2 protein chains.
Amino acid sequence: MEGMPTAQLHDTMDDVATLEDGRRVRGDVSRRAVMERAVNLASVEGLDGLSIGALAAESAMSKGGIVALFGTKEQLQLATVEAARQLFTETVITPALAAPAGLTRLRTLVEAWLDYSERRVFQGGCFFAAATAEMGTKPGPVRDAVAAAMDDWRDFVAGAVQRAIDAGDLSATVDPDQLAFEIIALLDGANAASVLRDTVEPYSRARSAISRLLP
Amino acid sequence: MEGMPTAQLHDTMDDVATLEDGRRVRGDVSRRAVMERAVNLASVEGLDGLSIGALAAESAMSKGGIVALFGTKEQLQLATVEAARQLFTETVITPALAAPAGLTRLRTLVEAWLDYSERRVFQGGCFFAAATAEMGTKPGPVRDAVAAAMDDWRDFVAGAVQRAIDAGDLSATVDPDQLAFEIIALLDGANAASVLRDTVEPYSRARSAISRLLP
DNA sequence: CCTACCGATCGGTAGG
DNA sequence: CCTACCGATCGGTAGG
């Protein structure tokens, strides 16, 4: 490992499969296994509540091992946000992109999101709703990473609306950013109410409100 | 508002020290001074991030002093939720009750809430939005207290919608619980986006969406 | 990846 | 309300 800023490189590279000394490869496998726990722990305890010691215990690993894999706590938090972003993309974005652009894609997107929240893909409900509330008031790289992920998500929804307008499915008078704001607010409202009260009823309310917006 | 706590009456009293149980009176004064800090600390750091030591430092008091005033950390958290509830009521509910029942009251309620969030009555934005996201996944008395406060709020909004229906301002086909859900989701969505990105633009989006719902 | 250890802070108690 | 103190846990380092 001498001279190689391993932890930094890993932040931007997932698949470093073949290396001569083998340690990097095992590191990647370990990283992925630990990340699965980290992402769920953080969705319940928060990104600040995600402690190195607790993560080590849940991963059957020593604290030193976690530190060796991820570096500082802030680097661990950033890796966790990135892992959550990837899981969110696979679960929500990918199914929507498989549907034809227009109203069909928008409806698929909404259903995929509601399903993602209701199925508790993250143990504590939507990871990013929790991270937004927690980090919104705490300036720094972690907040910036969460904000960037939320910007991407909002832009994706607004883009899907624009495509629906282009396809003639929605009126040209619709403001994509405005509609995206409303859809996201209703989705997040359902997630928050469902997690707090442990009911699925809010998902019906969100579905009903959004279907009025997407005629 | 009949159940006004006696603590608030001391505000206008000059000579509290002359009461026979002098320690209790000084305790009440201290409690309210500390609570002002606690509520803001918790809105930024979260209810779990609200530590006895940090609160003591911000209050120019010893840790032992905080413990003597509030007891365990859980009791401190419960007192903080209750103090936040009172401040929310004064800031949002009271102005709405001063307006005539019906659409006018509903619009006043929405404006009071948006103003409450934008003015950062709590340092970290809406206290209850943060508390909902944080405690929703952590069963216990504190989560129950947050959920009860949110239930009261939702019922109040739904009640205001029902009054507007009764007054003939809204169609009798409107479902008060559904409309309350949508209004609250849009308000919370504006709060979350504003805190995360440090913009006021989301408030305009919420205003525009809600005014479509309240014709 | 481990053990062993560091200073700081956590919630809470004892005694005044 | 204070000081003094408790065991546990925090993030992180050293050395292997």
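Lettering follows sequence order; numbering is per chain, from 1. None of the values given here were measured: they were computed from a predicted structure.
- The stretch residues 33-42 of chain B has no heavy atom under 4.0 angstrom from DNA chain C at all.
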Without placing hydrogens or testing angles, list every side-chain donor-acceptor pair under 3.5 Å for residues 51-60 of chain A, not counting sequence neighbours.
from    : atom 1 : to      : atom 2 : distance (Å)
A/Ser51 : OG     : A/Ala54 : N      : 3.0
A/Ser59 : OG     : A/Leu55 : O      : 2.7

Yes or no on side chain to side chain donor-acceptor pair (under 3.5 Å) for B/Ser194 and B/Arg205, after CA distance, side-chain angles and deciding distance?
CA-CA 11 Å; B/Ser194 171; B/Arg205 299 223 174 269; over 6 Å; no
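- B/Thr132 pairs by the side chain to side chain donor-acceptor pair (under 3.5 Å) definition with nothing, not counting sequence neighbours.
- With sequence neighbours left out, B/Asp151 forms a salt bridge (charged side-chain N to carboxylate O under 4.0 Å, His left out) with A/Arg197, B/Arg154.
- The interatomic distance linking B/Ile66 (CD1) with D/dC1 (P) rounds to 9 Å, in whole Å.
- By the salt bridge (charged side-chain N to carboxylate O under 4.0 Å, His left out) test, B/Glu111 is found to be paired with B/Arg207, residues two or more places apart in sequence or in another chain being considered.
- For A/Lys138, the side chain to side chain donor-acceptor pair (under 3.5 Å) test picks out A/Asp48, with sequence neighbours left out.
- With sequence neighbours left out, B/Glu82 forms a side chain to side chain donor-acceptor pair (under 3.5 Å) with B/Arg85, B/Gln86.
- Annotation: side chain to side chain donor-acceptor pair (under 3.5 Å) contacts of A/Tyr116 (sequence neighbours excluded): none.
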What string of B, S and - do you get for nucleotides 9-16 of chain C, 5' to 3', if B is base contact, S is sugar-phosphate-only contact and - is no contact with any protein heavy atom under 4.0 Å?
-SBBB---
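- Contacts of B/Glu134 classified as salt bridge (charged side-chain N to carboxylate O under 4.0 Å, His left out), with partners at least two apart in sequence or in another chain: none.
- With sequence neighbours left out, A/Phe127 forms a ring-ring contact (aromatic ring centres under 6.0 Å, His included) with A/Phe122.
- Stem regions for DNA chain D, each three or more consecutive Watson-Crick or G-U pairs with both distances under 3.5 Å and listed by first number, read C:1-16 with D:1-16.
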